[in-house]
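What's counted below: heavy atoms across the whole structure, side chains too, no hydrogens, waters or symmetry copies. If you're wondering where the values come from, they're calculated on a predicted model, not measured in any experiment. Numbers here simply count residues along the sequence, with the first being 1.
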Amino acid sequence: MKCLNHQRSHEFICYQCNCLMCSKCVTSHYKDHPDHSKWEHIDDIKHSLSTLKLDDIIDSTTTTNNQINNDCTYNNNFISQINNKLKSIWESLRSSTYRYQRLSTTENDIKQHFEQLHQYLIREEHKLQRDIINDKQTITNQIDKNINHLKYLINIIMLFNRLNNNDINNEDTSIITDTTTLYSTTTIMESITTSSSLQSFINHNNQTLFNDKYNNNFNIDELLKQHSNDTESILLDIIHKYNNQFNKSTTNTDNNNLRLSSYKLSIKQPDFNQLNSIIKQSIKFDNIESTESINTTTTTTNNNDNKQSYIFITNQSKGATLINTSNNNSIEELHFDYQFSDTYSSIVSIGEYIYIFGGYTNENKWIKISMKSKSIEHIGDIEGIKGDTFVSVCYDGQNHIYLVNGYNIKNRIDRFNIKTMKFESYHQLPVGYDRQVSSMIFKGSLYSISFNRNKIFQIDLTNRTITDHQIDIIPWSACHDNNGNFFLLDTRNKRFIKYNVETKQTINLNAIPLTNLQFSYMTYHRESPTSSYIYSFGYSNDFNFKYSIESNQWEPFFRDIINHKRAWCASTSITL
């Protein structure tokens, strides 16, 4: 344990390079490594360990500026690196424990919040089921009573046949294990359902319900003795006993007189976008950088939801109109160095970003706009696939934006990875779809509507099988709610409809005055959990209408804004 260079005992240790040094080494080491200030003499280490009090190591931060000065001098306030390490480890343990406990508390708060939602749904479920359960119990009781009636009557028949030396013909004479399940009302009802007649029902249960070995309540020898071998007297007597036991005033065997309620169940699939919005507004969970001290045991979070809803509408003058529907429909005009003509269906919003692909003079370009900075974040080349105009795009909620057909190429689906910003060919479509006016991904399938054709195609994104759906409308423009519903405008036949891709149901909507316009373009926008709209725009402000989905009514909107040409230009709904 001596220095190989000076043959002296080691007295120092440098913690930064973990080097042991003698008294001569330390001088050269300091010259070679002036930034290595964390080293100690063995005497100081021994002194520190001898005076170490673990009770003094607490979970509060203390200043360490004078622990080791830059000149490597020592004083009475010196604190060993071992002490520092102990303190650091203890503070880290305390901090980790506090953080873990806070996370557990937050986790439990989330659990309790959704438990309340679960309990509410369970209460509503039980409330609806309560009368049905009561009626089922009433029916079960009635079945049990009628089975007892039937068993008694069958016993009378069995007795009658024995008195007359005539056995009942039971088809099944096998011996089976007598179990409780075979006597349950559920099993009995199943047997009733599968039996074509009373005789087949009795035969099916002759080893259980109607087993004369266990169920015959009459002792023939005793009855013959009591009635002096008079079989007719015996028969009348047991019928009399039956009437006494099953008195009509207390037991009802007529199912037609059983007073039960009638029910008509109507189930409407909820709007999951609306439901999701309500749930998200009820609980907010943000990943924020903590500025609290390590020994703080409580945190304060801002639960105010400050998100704003906007309509973003581009125009042919390299600009866009931003309408804040959460702030009295305030308007802001934006300018971008990008031509937005022929991008009507080529836009999608993801978080704070808006993506637009292709367009007039920009067939081989794509643009990413940040709505937080209200500026272009990226303009890139479309590489790996062919660019186009009037490309219809939709987002899968994960990493990919799908690009369907276009004005020039009408038989392809490509996709763009928002993480890698790379394009790739996805699937080649059959010929015959034209360009698409709107596309949507819903429950694992991509649905897309052809321009000026009464056709929607569906492609399963798992196995890439394609299904065509015929629709009774010739779409000029369309939009969707991302929840299975397309809204289609047919300016040729002056129709405006809602089409659900799941139910294949078509609903005619109030078409006036929108269908009177020759060239009108639409975008869907949900302003709140209870209100959703479709906005239209076109060559001038005369095309600016707002349609309420809830009230099925149109109204003019923003006729006094700057009169840009917005025909064939992209628009989208965005929330920040």
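- Side-chain contact annotation: Arg566 with Thr321, donor-acceptor N/O pair under 3.5 Å present.
- Of the inter-residue distances, the one linking Thr465 atom OG1 with Ile459 atom CD1 reads 7.5 Å to the nearest 0.5 angstrom.
- Of the possible donor and acceptor atoms, one in the side chain of Ser326 sits under 3.5 Å from a partner among the backbone N and O of Ser309.
- No side-chain donor-acceptor contact under 3.5 Å links His564 to the backbone of Gln316.
- Between Phe114 and Ile279, the closest side-chain pair of non-hydrogen atoms falls below 4.5 Å.
- Between the side chain of Ser50 and the backbone N or O of His47 there is at least one donor-acceptor pair closer than 3.5 Å.
- Side-chain atoms of Ile449 and His480, non-hydrogen and from C-beta on, never get closer than 4.5 Å to each other.
- Remark: the Thr361 side chain and the Gln339 side chain contain no N/O donor-acceptor pair separated by less than 3.5 Å.
- Summarising the local packing, CD1 of Ile122 is surrounded by more than 12 heavy atoms from other residues, nucleotides or ligands at distances under 6.0 Å.
- Using modelled atom types and a 3.5 Å distance limit, the side chains of Tyr263 and Asp135 yield a donor-acceptor pair.
- In this model, a donor atom of one side chain and an acceptor atom of the other lie less than 3.5 Å apart for Glu352 and Ser370.
- Looking only at side-chain heavy atoms (C-beta outward), Ser346 and Val391 come within less than 4.5 Å of each other.
- When all heavy atoms are compared, the tightest approach of Ser23 to Arg8 is OG-NH1, 3.1 Å.
- Side-chain contact check for Ile456 versus Tyr499: some heavy-atom pair is nearer than 4.5 Å.
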Subject >> Audit row: Glu40, Tyr15, side-chain contact (heavy atoms from CB on, under 4.5 Å) steps and yes/no >> reply: CA-CA 8 Å; Glu40 288 186 278; Tyr15 288 103; 2.6 Å; yes
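- A salt bridge links Lys127 with Glu124: the closest approach of a Lys/Arg side-chain nitrogen to an acidic carboxylate oxygen falls below 4.0 angstrom.
- Side-chain contact, Gln116 with Gln112: no donor N or O sits under 3.5 Å from an acceptor N or O.
- A donor atom on one side chain and an acceptor atom on the other are not found under 3.5 Å apart for Ser425 and Arg412.
- Each of Ser571, Ser438, Cys479 was compared with Tyr524 under the side-chain contact (heavy atoms from CB on, under 4.5 Å) criterion, and only Cys479 meets it.
- To the nearest 0.5 Å, atom OG of residue Ser392 and atom CD1 of residue Ile347 are 12.0 Å apart.
- Going from atom OH of Tyr535 over to atom OG1 of Thr325 covers 5.5 Å, rounded to the nearest 0.5 Å.
- Interatomic distance, CD1 of Ile466 versus NE2 of His427, reported as 3.5 Å (0.5 Å rounding).
- Within the model, atoms CG of Leu446 and CZ of Arg464 stand 12.0 Å from one another, a figure rounded to the nearest 0.5 Å.
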In sequence, state the C-alpha distance, the side-chain angles, and the governing distance for Met522 and Tyr547, and then conclude on side-chain contact (heavy atoms from CB on, under 4.5 Å). CA-CA 10 Å; Met522 304 184 301; Tyr547 168 77; over 6 Å; no
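- Side-chain N or O atoms of Ser9 include none that pairs as donor or acceptor with a backbone N or O of Lys2 at under 3.5 Å.
- In this structure, Asp381 contributes its side chain and Glu383 its backbone to no donor-acceptor pair below 3.5 Å.
- In this pair, His33 and His36 present their aromatic rings parallel. The plane angle is below 30°, not in the 30 to 60° band.
- For Ser95 (side chain) and Glu91 (main-chain N/O), no donor-acceptor pair under 3.5 Å exists by modelled atom type.
- Checking each of Arg94, Arg99, Gln101 against Thr97 for a side-chain contact (heavy atoms from CB on, under 4.5 Å) leaves exactly one that passes, namely Gln101.
- In this structure, the separation between OG on Ser96 and CG on Leu103 is 10.5 Å, given to the nearest 0.5 Å.
- Between Ile367 and the choices Asn362, Ile356, Asp337, the side-chain contact (heavy atoms from CB on, under 4.5 Å) rule is met once, by Ile356.
- One finds no salt bridge joining Lys386 and Asp388 here, because no Lys/Arg side-chain nitrogen approaches an Asp/Glu carboxylate oxygen to under 4.0 Å.
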Could you walk me through whether Met371 and Phe312 pass the side-chain contact (heavy atoms from CB on, under 4.5 Å) test, one step at a time?
-> CA-CA 9 Å; Met371 290 313 299; Phe312 177 84; 4.0 Å; yes
Decide yes or no on side-chain hydrogen bond (donor to acceptor under 3.5 Å, both in side chains) for Arg102 and Tyr98, but give the supporting numbers first. CA-CA 6 Å; Arg102 290 196 303 273; Tyr98 287 137; over 6 Å; no
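- Between Phe423 and Trp366, the angle of the ring planes goes over 60°, which puts this pair in the perpendicular group of the 30/60° scheme.
- Side chains of Ile549 and Asn485 form no contact here, defined as non-hydrogen atoms less than 4.5 Å apart.
- The residue from Trp568, Tyr521, Tyr360 that alone fulfils the ring-ring contact (aromatic ring centres under 6.0 Å, His included) condition with Tyr344 is Tyr521.
- Within 6.0 Å of the NZ atom in Lys422, the count of heavy atoms belonging to other residues, nucleotides or ligands does not exceed 12.
- Between the side chain of Asn417 and the backbone N or O of Thr420, at least one donor-acceptor pair lies under 3.5 Å.
- Here the side chain of Asn500 pairs a donor or acceptor atom with the backbone of Glu502 at under 3.5 angstrom.
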Begin with the C-alpha distance, continue with both residues' side-chain angles, and end with the deciding distance and a verdict on side-chain contact (heavy atoms from CB on, under 4.5 Å) for Ile418 and Tyr395. CA-CA 10 Å; Ile418 62 175; Tyr395 176 51; 4.0 Å; yes
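- The shortest distance between side-chain heavy atoms of Phe558 and Asn329 falls below 4.5 Å.
- Side-chain rings of Tyr447 and Phe486 stay apart, their centers remaining 6.0 Å or farther from each other.
- Judged purely by atom type and a 3.5 angstrom limit, Ser349 uses its side chain to pair as donor or acceptor with the backbone of Ser573.
- Smallest separation of non-hydrogen atoms from Ala320 and Glu333: O-OE1, 3.4 Å.
- In this structure the side chain of Tyr426 never reaches within 4.5 angstrom of the side chain of Asp414, judged on heavy atoms.
- A distance-only check finds a donor-acceptor pair linking the side chain of Glu550 to the backbone of Ser532 [under 3.5 Å].
- At a threshold of 4.5 Å between non-hydrogen side-chain atoms, the residues Phe457 and Val404 count as touching.
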